[in-house]
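Step one of this worksheet: look at the structure below.
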There are 2 protein chains.
Amino acid sequence: MSVIFSKKCEYGLQAILYLASRNEKEYFSAREIARDLKIPKEFISKILQSLVNFGIVGSKKGKNGGFYLAKNPNKIRLIDVVEAIDGLDAFTTCILGFPDCSSDVPCPVHSEWGKLRTMAFDMLSSETIDQFTEKTLRKLNQL
Amino acid sequence: MSVIFSKKCEYGLQAILYLASRNEKEYFSAREIARDLKIPKEFISKILQSLVNFGIVGSKKGKNGGFYLAKNPNKIRLIDVVEAIDGLDAFTTCILGFPDCSSDVPCPVHSEWGKLRTMAFDMLSSETIDQFTEKTLRKLNQL
DNA sequence: ATTAAATCAGACAAAAATATCTTATTATAT
DNA sequence: ATATAATAAGATATTTTTGTCTGATTTAAT
């Protein structure tokens with residue numbers, strides 16, 4: 001299957017957008033995030049833990065604890081989340097998997113795809129989470 | 001890991017480009033394709049078989065047999081190969097995996113990413129294999 | 001005719017991604 | 001103090017993807 005983000009990364013982005021779009025509480029537990037986004041609880045829990053290690057998300061243990069954004073949403077870029085979860089290999093390695101593809105000895109589709117990939121990277125790099133919070137809220141209300 | 005094409009699809013595209021760029025023989029065996037492209041023989045064999053079923057590649061059994069392009073390279077679009085191997089789901093399903101994402105109830109990044117994905121789709125749809133044969137030949141000579 | 005070399009089909013194996021379970025630790029509410 | 005509910009960490013299980021093996025059939029060269 002062709003795919004752009006791994007499931008982990010999809011879920012991570014969803015969770016980040018979820019956290020950013022709700023400010024009625026300080027902490028959101030993995031349980032409620034999982035319920036609302038229909039993601040396995042233990043899985044999203046693991047993903048959030050790794051985002052905690054990257055400093056994007058914060059957590060509080062114990063009863064009534066949970067997760068929260070550790071940074072201002074206007075300081076979190078989509079690419080940061082992608083990098084934390086999936087890494088940036090997809091933006092640097094050869095799109096066709098030719099082992100020795102480089103700018104010097106490019107694979108046949110190198111330059112064409114390079115453009116597209118650069119666009120994707122730039123888009124992810126320029127767009128911050130806060131730009132999507134309204135839209136996310138609207139979306140969550142529909143679920 | 002974020003990724004655009006599956007390994008199968010990468011290998012399939014590589015093999016198609018390989019076939020299109022060489023015309024010194026009529027048939028190329030899975031063995032030599034695998035050797036030159038450094039792909040496991042049985043794996044590329046399976047992939048080529050599925051491309052045969054889609055009518056993109058033809059095959060001849062028996063000694064000195066092998067695979068060949070069943071169509072003129074200027075009639076084979078990159079998207080055809082992708083579709084045959086990975087399907088087109090990546091171009092239609094929600095990029096963030098929101099289960100109920102649609103144009104009516106779009107996910108937060110729907111329209112932004114929609115543009116990019118449409119571009120990718122258009123690029124793959126407009127580009128045919130013959131446009132890359134020279135480049136592929138150059139690439140293969142370097143291996 | 002026989003042998004060698006190829007595709008084809010299907011079963012099997014290994015690795016990676018996704019998902020679940022279990023236990024420990026922490027913090028709040030009662 | 002105790003019970004409850006949360007994160008954290010690590011082991012385990014399942015599923016999907018990737019890769020391998022075996023045998024059948026086909027074709028050409030010898």
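In what follows, chains are A, B, ... by sequence order, proteins preceding strands, each numbered from 1.
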* Salt-bridge criterion met for A:Glu32 and A:Lys41 (N-O under 4.0 Å) -> no
* D:dA6 OP1/OP2 closer than 4.0 Å to side-chain N/O of A:Arg31 -> yes
* Asked: Given axes from five pairs at either end, by how many degrees does the helix from C:dA1-D:dT30 to C:dT30-D:dA1 bend, rounded to 10°?
  -> 10°
* Asked: Is the base of D:dG19 touched by the side chain of B:Lys8 through a donor-acceptor pair closer than 3.5 angstrom?
  -> no
* To do: Write down the distance between CD (B:Glu10) and C1' (D:dT18), rounded to a whole number of angstrom.
  => 12 Å
* Asked: Does a nitrogen or oxygen in the side chain of B:Ser59 sit under 4.0 Å from OP1 or OP2 of C:dC8?
  -> yes
* Asked: Side chain of B:Glu42: nearest nucleotide among D:dT20, D:dT18, C:dT20?
  -> D:dT20
* Structure fact -> On a heavy-atom basis, the closest approach of B:Leu137 and B:Ser21 is CD1-O, 3.2 Å
* Structure fact -> Taking every heavy atom of A:Asn64 against every heavy atom of A:Tyr27, the minimum-distance pair comes out as O-CD1, 3.7 Å
* To do: Specify the closest pair of heavy atoms between A:Pro40 and A:Ala34, including all atoms of both residues, with the distance to one decimal.
  => C-CB, 4.3 Å
* To do: By nearest nucleotide on DNA chain C, pick out whichever of A:Ile39 and B:Ser29 is the more 5' one.
  => B:Ser29
* To do: May I ask you to verify if any side-chain N or O of A:Tyr27 is less than 4.0 angstrom from the OP1 or OP2 atom of D:dT7?
  => no
* **Any donor-acceptor N or O pair under 3.5 Å, side chains B:Asp86, B:Ser6** => yes
* Rounded off to whole Å, could you give me the NZ-to-C1' distance for the B:Lys41 and D:dT20 pair? => 10 Å
* To do: Using whole Å, report how far CZ of A:Arg35 lies from C1' of D:dA6.
  => 15 Å
* Provide, to the nearest angstrom, the distance between the NZ atom belonging to A:Lys7 and the C1' atom belonging to D:dT14. => 16 Å
* Asked: Can you check whether B:Phe121 and B:Phe91 have ring centres sitting under 6.0 Å from each other?
  -> yes
* Asked: For nucleotides 23-30 of chain C, read 5' to 3', which letter fits each nucleotide if B means a protein heavy atom sits under 4.0 Å from the base, S means only the sugar-phosphate is that close, and - means neither?
  -> ---BBBS-
* To do: For residues A:Ala15 and A:Ile33, report the shortest heavy-atom separation together with the two atoms involved.
  => CB-CG2, 4.3 Å
* Asked: Passes side-chain contact (heavy atoms from CB on, under 4.5 Å), A:Leu116 versus B:Met119? Steps please.
  -> CA-CA 8 Å; A:Leu116 193 74; B:Met119 282 188 51; 3.8 Å; yes
